[in-house]
Visitor: 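Quick one: the structure is below, and I'll ask about it shortly.
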Amino acid sequence: MSRFFATGSDSESEESSSADEITPKAPGTTFKQSLLLSDDEEDTKRVVRSAKDKRFEELTNLIKTIRNAMKIRDMAKCLEEFEQLCRAFLKSKTIVDKEGVPPFYIRLLADLEDYLNQLWEDKEGKKKMNKNNAKALSTLRQKIRKYNRDYETEIAAYKENPQESADEEEEKEAEESGSSSDSEGEAGDDGVSAKSFLKKKPEAAPDASKFLKSAKGSGDESSSSDDDDDDEDWGSDSVDSGSESSDEGEGKSSSLAVVFLKKTQETEKTSEKRLGKKKKPKKKERLEEEAEEEGGEEVEGGWEKVKGGAPMVKEKPKMFAKGTEINVPVVVKKLNEILQARGKKGTDRAAQIELLHALANIAAENNLGHGVAVKIKFNIIASLYDYNPNLAAFMKPDMWKKCLECIDELLDILFEHSNIFIGENIAEDSENLVTSDQPFRVRGCILTLVERMDEEFTKIMQNTDPHSQEYVDNLKDEGHVCGIIDRLLNYMENKGSTEEICRIYLRRIMHTYYKFDYKAHRRSLGLQGESKSEQDQEESEGEDSAVIMDRLCKFIYAKDRTDRIRTCAILCHIYHHALHSRWYQARDLMLMSHLQDNIQHADPPVQILYNRTMVQLGICAFRQGMIKDAHNALLDIQSSGRAKELLGQGLLMRNMQERNAEQEKIEKRRQVPFHMHINLELLECVYLVSAMLLEIPYMAAHEFDARRRMISKQFHHQLRVGERQPLLGPPESMREHVVAASKAMKMGDWRTCHSFIINEKMNSKVWDLFPETQRVREMLVRKIQEESLRTYLFTYSSVYDSISMGTLSEMFELEIATVHSIISKMIINEELMASLDQPTQTVVMHRTEPTSLQNMALQLAEKLGSLVENNERVFDLKQGVYGGYFNRDQKGGYQQNKSYNRDQKGGYQQNKGGYQRGGYRNQNHQNNY
């Protein structure tokens, strides 16, 4: 019997309940029985859920947890729950294949990706994150991007109309809830129990319930709402107790009526809730309403949105009070007030810049003079540079535009008013900002600001993706930057010191040296513009870049006192000469400067510039047909295997032991922007082709020479790689083309070699990148023909008794004079043992070359000799006597005077009759030290 319908008093019921608790029960069974035979579970209906409902409920619970973590920016929790969600979704794959991907899942994936992208772009927010959250953010961002590739179409459909997808989802939920209620009704119709009958019976429930509710007692509206909640909570217990009392025949009819009427009211409430779900306003309307409510609250002054994080005390300096007379001292005082907050923790830098702009406007409105305007402009530009406290960070686009505008305005003022003197050496006490007969004197250095602007431009280019449109847009600002440098250059030529002029000249040189002057090149070739407008434009344009470089560099050579500026200017000048194929000027300037002797003591940026210059010099030599010079210039860079790093065009993956994070940041700041890069594939191709043209004839000439040395290790490595391949197909990469051409040249087949070096693929990759493409190709063909002829003569000279120069001319498509010249040089240099028969135009071989067997015997003899010598040295170390066998006297047949004599210092010396090789205890002759 239930306590709620007992007729006894409260005290009796308490006693009975306590008595029930005290009565002992059989151990083990009590707990199970209490679970199985409880009053609540006897009447509650057991719900059987489908596998789909179970799986989807698991997914929705995980999604709720993820959304909660998103609200509090707990990235570690988000990552953990997302991994669980992926596993749960994988488990429900069979259901998803039947039903399709649920919309709520797609919605979460789209929202999560947008949320992570938003967090990733928020640089300030990322800095405030702790280490775990920042790491989890980057990991989760990568995972979600990879995971969302499989659902791109669904996410795109959701993003196109998120409102419709949300409404569809709500309708589905409503339909599911309706179907579940219908199924319950059907089940009730099939078997009518007492409980279901009692639930259906009362029809005049609303009025009665209202009446009974009002009769319960009068109270406040707030308390009535609380009572409703309590009644809802206790409803099930009251129904159960009512059923007990009806079975036992106890209790009053009025209490039963209240119980059942209350239950009907609950059913009405649930039905109202379901209807409410369908009548929900759309998401957009709800958001608008919330925004209106928030706006209203803000107007009323009730609530205010606060940013996350610890609140900082930000005291903005107030502008002038009403009635304050605005003059120069007041404005300067206010300026100092604003600047005092600079660099302090919690200072809003953007607000500080706005205040300085406002102060500049106030000074302009009150006509306080240009001295004050210049001083404020200096501080505005300095504040813009200070906006990013981190040295590695680059300026945002809006700040960059403001910076350029401010520097332009400052230069305008300085050019318009020649009575303004600026300089770092002017003390603040001696400044003159008031309009008077004396000139204005302002402390500040415009050159330092422009140099910093140039550095910021470089940082922007370094930190922009070079393959994006954004890089092109940023590169367009270089014209503006060069314009500012030119204006400052004109200003400094009139008012600056020699040292300042050298500094600004170097900035101008650094923006000019790597650019190819196409118009000057066209003029040198005698070509004119196609249209009249182009011709007029060429005439109206100023001097060539070569003339500008020559003028600026010569001034620095003459006037500069610092080695660094002069070194940079020389290297830039050499680079510019080499870029425009002025090989002899570039080579002579490099040799006269002697930079190669002490460049290792320079700072890394200058070393990078030196490497770039040497590479450009080598490429220039190659274009001019100076193959040996080209190879020598490129040898150091290419043999290191670190060309990319040495040219400042990227970092190689190394062990963290060699380079820590701080060093990596420093090296990244030294990198050259992408538009200044030298094509590494072109560089490698030029080097390998130069090595091929030198190495292949040398290998043919010294085929059996044991002391043969490699000219290029990298070229030999490529040859070995090619030989190791089990199956040789047609060449694909640039390296494979050069290796295939080398093999053809080794056989004297110049046509095959030519087809491998010059073809459509190689043209597009390498040769078309040169300004004079056709001339370079013709030079290459000529060199291939000449070196193939030399290789042919070295390889097959032992086969011929004599060979006609006419035949050689036809084979290699060279003029007879050229063939004659090549063979004559080979004979003079003793590379070819032959003579020229002038009347018959033939080459007669002298047969002095040893046969292959003789060559092998000579090699064996040399190796045996070196082995004996090494053996003697080892014996000498053990016994203390060296060369005893060779140390016999003259009677024994060995003449010491005519042999090599090795002294104690290990050197060889000539003694009397010739070179003596004797022991350390040479009794016949005294050693000379």
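Throughout, residue positions are numbered sequentially from 1 according to the sequence presented.
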Visitor: Students often mix this up, so state it plainly: with edges at 30° and 60°, are the rings of Trp767 and Phe770 parallel, tilted or perpendicular?
Guide: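 Taking Phe770 first and then Trp767, their aromatic rings lie parallel (interplane angle under 30°).
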Visitor: Looking at Tyr518, Phe516, Tyr575, which one forms a ring pair (Phe, Tyr, Trp, His ring centres under 6.0 Å) with His580?
Guide: Phe516
Visitor: Looking only at side chains, do Asp517 and His576 share a donor and an acceptor under 3.5 Å apart?
Guide: no
Visitor: Give the minimum heavy-atom separation between Val672 and Leu647, together with the two atoms involved.
Guide: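 Val672 and Leu647 have their closest heavy atoms at CG2-O, 3.8 Å.
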Visitor: Looking at CZ of Arg623 and OG of Ser581, how far apart are the two atoms once the value is rounded to the nearest 0.5 Å?
Guide: 3.5 Å
Visitor: Is a salt bridge present between Arg507 and Glu455, judged by a nitrogen-to-oxygen distance below 4.0 Å?
Guide: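 Yes, charged N to carboxylate O under 4.0 Å.
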Visitor: For Phe674 and Tyr471, take the angle between the two ring planes, folded into 0 to 90°, and tell me which bin it lands in: parallel under 30, tilted 30 to 60, perpendicular over 60.
Guide: perpendicular
Visitor: Does Arg487 form a salt bridge (Lys or Arg N to Asp or Glu O under 4.0 Å) with Asp412? I'd like the steps, not just the answer.
Guide: CA-CA 9 Å; Arg487 292 183 70 192; Asp412 289 339; 2.5 Å; yes
Visitor: Using side-chain contact (heavy atoms from CB on, under 4.5 Å), reason through Phe715 and Ile696 one step at a time and then give a plain yes or no.
Guide: CA-CA 10 Å; Phe715 177 72; Ile696 297 297; 4.1 Å; yes
Visitor: Below 6.0 angstrom between ring centroids: does that apply to Tyr513 and His573?
Guide: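 Ring-ring flag for Tyr513/His573: false, centres at least 6.0 Å apart.
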Visitor: Would you please say whether a donor-acceptor pair under 3.5 Å links the side chains of Glu493 and Tyr505?
Guide: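 Side-chain D/A pair, Glu493 to Tyr505: present.
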Visitor: Looking at Arg452 and Glu456, is any side-chain nitrogen of the basic one under 4.0 Å from a carboxylate oxygen of the acidic one?
Guide: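 Yes, Glu456 and Arg452 are salt-bridged.
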Visitor: Salt bridge between Arg777 and Asp768, side-chain N to carboxylate O under 4.0 Å?
Guide: yes
Visitor: Taking Arg790 first and then Glu787, would you say they form a salt bridge - that is, a charged N and a carboxylate O separated by under 4.0 Å?
Guide: yes
Visitor: Are Glu736 and Lys761 ion-paired here, with the side-chain N under 4.0 Å from a carboxylate O?
Guide: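 A salt bridge is absent here (no side-chain N lies under 4.0 Å from a carboxylate O).
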Visitor: Using a strict threshold of under 4.0 Å (side-chain N to carboxylate O), is an ion pair present between Lys401 and Asp477?
Guide: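 Counted as a salt bridge, because a side-chain N and a carboxylate O are separated by less than 4.0 Å.
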Visitor: So that I can tick it off, tell me whether Asp629 and Arg587 are bridged by a salt bridge, with the cut-off set at under 4.0 angstrom between side-chain N and carboxylate O.
Guide: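 So Arg587 does not pair with Asp629 through a salt bridge.
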Visitor: Are Tyr557 and Ile570 close enough, and set up right, to give a side-chain contact (heavy atoms from CB on, under 4.5 Å), and what steps lead you there?
Guide: CA-CA 8 Å; Tyr557 301 157; Ile570 291 170; 3.4 Å; yes
Visitor: Between Cys553 and Ile509, is any pair of side-chain heavy atoms under 4.5 Å apart?
Guide: yes
Visitor: Is any NZ, NE, NH1 or NH2 atom of the basic residue among Glu500 and Lys495 found under 4.0 Å from an Asp or Glu carboxylate oxygen of the other?
Guide: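 Here Glu500 does not pair with Lys495 in a salt bridge, since their nearest N and O are not under 4.0 Å apart.
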Visitor: List the atom of Met453, the atom of Leu404, and the distance in Å for their closest heavy-atom pair.
Guide: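 Shortest heavy-atom separation between Met453 and Leu404 comes out as SD-CD2, 3.7 Å.
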Visitor: Could you go step by step and tell me if Lys825 and Glu786 meet the salt bridge (Lys or Arg N to Asp or Glu O under 4.0 Å) rule?
Guide: CA-CA 12 Å; Lys825 282 178 188 173; Glu786 290 175 3; over 6 Å; no
Visitor: Over 60° means perpendicular and under 30° means parallel, so tell me whether Tyr687 and His631 are parallel, tilted or perpendicular.
Guide: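 Ring orientation of Tyr687 relative to His631: parallel.
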Visitor: Any salt bridge linking Arg582 with Asp588? Criterion: basic side-chain nitrogen under 4.0 Å from a carboxylate oxygen.
Guide: no
